Amino acid sequence: MFTYGAASNGERLLPVTAMEVWLPELPEVEVVRSGLDTLIRNRRIRQVQLYRRALRYPLPAGMAERLRGLTVLAVERRGKYLLFRLDGSEILVWHLGMTGQFHVLAESDSPGRHEHAVFVLDGGLSLRYRDMRRFGYAGLLPADAWQRHPWFAGLGPEPLQEGFDDAYLYGRCHSRAAPVKQVLMDAAVVVGIGNIYACEALFRASIDPFLPAHHLALLQAGALVKAVKDVLREAIAAGGSTISDFVRADGRPGYFHHAFTVYQRQGQPCVRCGSPILRRLQSGRGTFYCSGCQR
DNA sequence: AAATGAACCTGTTTGC
DNA sequence: TGCAAACAGGTTCATT
């Protein structure tokens with residue numbers, strides 16, 4: 001679930017909440033990135049209030065002081081990490097974990113439940129971080145060396161870039177006996193694909209999630225790469241409409257609910273063959289698939 | 001080296 | 001009715 005705020009009538013800022021539970025995989029993080037970049041780019045951080053010493057990990061020592069007075073130059077993304085470019089020597093890195101949300105609200109708006117950090121910006125705005133389960137985490141890393149930090153050093157390619165292609169995925173699957181779904185969710189192979197989009201992409205490519213990765217044929221790898229790119233692009237486009245809809249004059253949210261074909265559809269008929277969608281536990285995670293289509 | 005499972009956390013749903 | 005167990009999934013760590 002994500003919440004956004006933006007100017008909808010004059011200077012007033014209204015929070016809007018999406019009712020669907022949306023866990024932050026790559027498309028959701030990209031939508032948040034794009035929204036934040038629009039709303040807070042070139043804003044100066046006047047003050048930082050932290051209501052917790054630690055989320056998943058301790059927050060950086062002296063974080064409030066190190067951020068005060070800096071301007072947000074851009075909000076970027078690597079995998080599921082948000083990167084706040086600043087006009088200083090450090091970069092602010094933030095992972096949303098499972099339930100992290102950023103809101104841009106009026107400075108005067110009262111704090112919400114599970115709000116752990118408030119960044120008071122210029123122009124009467126404030127950026128709030130809210131995280132019910134506190135799986136999120138943040139770091140202040142050297143702007144010229146953040147990529148060497150352990151969070152980033154071992155990451156695989158971005159799935160929407162050219163380096164993620166059939167030959168690459170086939171090669172990375174060759175030495176792996178684990179189920180192909182596990183390999184697809186391994187950030188060292190490719191970033192940003194969590195349980196939801198792994199299930200959806202495997203369905204689109206008609207591949208059995210339990211297939212040992214080294215049994216994946218090159219043609220199947222190609223189909224899977226295409227399915228991943230398609231489903232991520234569609235989800236980003238759907239979320240993107242969230243932002244543009246929201247800025248409409250009437251301020252109505254108009255959220256687009258991304259249509260899942262297998263995720264959380266167990267017992268319902270497969271959209272392709274009509275067989276019931278099944279759910280099986282795989283390494284402690286629910287795997288949703290069609291036993292008729294995926295083999 | 002690779003695979004598996006636990007841990008972190010809390011609101012919601014399910015089952016007895 | 002009420003309470004407890006199961007469940008949700010991103011990432012790291014420990015164990016096999």
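Within every chain, numbering begins at 1; the chains are lettered A, B, ... in the order of the sequence lines, protein sequences first and strands thereafter. Keep in mind the model is a prediction, meaning the values are calculated, not measured.
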Rounded to the nearest angstrom, tell me the gap between atom CG in A/L55 and atom C1' in B/dT10.
14 Å
Note: for A/S283 and A/S175 on DNA chain B, the residue whose nearest nucleotide lies more 5' is A/S175
d(CZ, A/R52; C1', B/dT10) in whole Å
11 Å
Hey, are the side chains of A/V262 and A/E200 touching, using non-hydrogen atoms and a 4.5 Å cut-off?
yes
State yes or no: are the ring centers of A/Y289 and A/F210 separated by less than 6.0 Å?
yes
note: A/I196, atom CD1; C/dG10, atom C1'; distance rounded to Å ~ 11 Å
Tell me whether the side-chain N/O atoms of A/Y263 come closer than 4.0 Å to OP1 or OP2 in C/dG9.
yes
Pairwise P distance, C/dC7 and B/dG5 [rounded to whole Å]:
14 Å
Whole angstrom is fine here: how far is it from CG in A/L26 over to P in C/dG9?
17 Å
Ring-plane angle category for A/F102 and A/Y129, please: parallel below 30°, perpendicular beyond 60°, tilted otherwise.
tilted
Just the rounded figure in Å: distance from C1' of C/dG10 to CG of A/L82.
14 Å
Among C/dT11, B/dT10, B/dA3, the one nearest any side-chain atom of A/K80 is C/dT11
If you look at every strand shown and take non-hydrogen atoms under 4.0 Å, does A/G284 touch a base, only sugar-phosphate, or nothing?
nothing
Return the value, rounded to whole Å, for the distance between atom CZ of A/R134 and atom P of C/dG10.
19 Å
Between A/R56 and C/dG9, is there a contact of a side-chain N or O with OP1 or OP2 at under 4.0 Å?
no
Connected-component partners of A/I91 among ILVMFWY, side-chain separation under 4.5 Å
A/Y57, A/Y81, A/L83, A/V93, A/Y137, A/L141, A/W146, A/W151, A/F152, A/L155, A/V191
Which of these nucleotides, B/dA2, C/dC7, C/dG10, is closest to any side-chain atom of A/R176?
B/dA2
C/dT11 and B/dG11: how far apart are their P atoms, nearest whole angstrom?
22 Å
Contact nearer the 5' end of DNA chain B, comparing A/A177 with A/R133
A/A177
Dot-bracket for DNA chain C: what is it, with Watson-Crick or G-U pairs under 3.5 Å, [ ] where a pair crosses earlier ones, and | for a pair to another strand?
.|||||||.|||||||
Between B/dA7 and C/dA5, how far is it from one P atom to the other, in whole Å?
15 Å
Whether A/R172 engages the ring of A/F164 as a cation-pi pair (distance to the six-membered ring centre under 6.0 angstrom, angle to the ring normal within 45°) should be assessed.
no
Check whether any side-chain nitrogen or oxygen of A/H114 sits under 4.0 Å from OP1 or OP2 of B/dG11, and answer yes or no.
yes
A/R176: partners by salt bridge (Lys or Arg N to Asp or Glu O under 4.0 Å), with sequence neighbours left out:
A/D186
Rounded distance (Å) that lies between atom P of B/dG5 and atom CD of A/Q282:
11 Å
Would you say CZ of A/R148 has more than 12 non-hydrogen atoms from neighbouring residues, nucleotides or ligands within 6.0 angstrom?
no
So, under a plain 3.5 Å distance rule, would you say the side chain of A/R285 forms a donor-acceptor pair with the base of C/dG10?
yes
OP1 or OP2 of B/dG11 sitting under 4.0 Å from any side-chain N/O of A/R113?
yes
note: A/Y81, atom OH; C/dT11, atom P; distance rounded to Å ~ 6 Å
Does A/H174, at its NE2 atom, have more than 12 non-hydrogen atoms belonging to other residues, nucleotides or ligands within less than 6.0 Å?
no
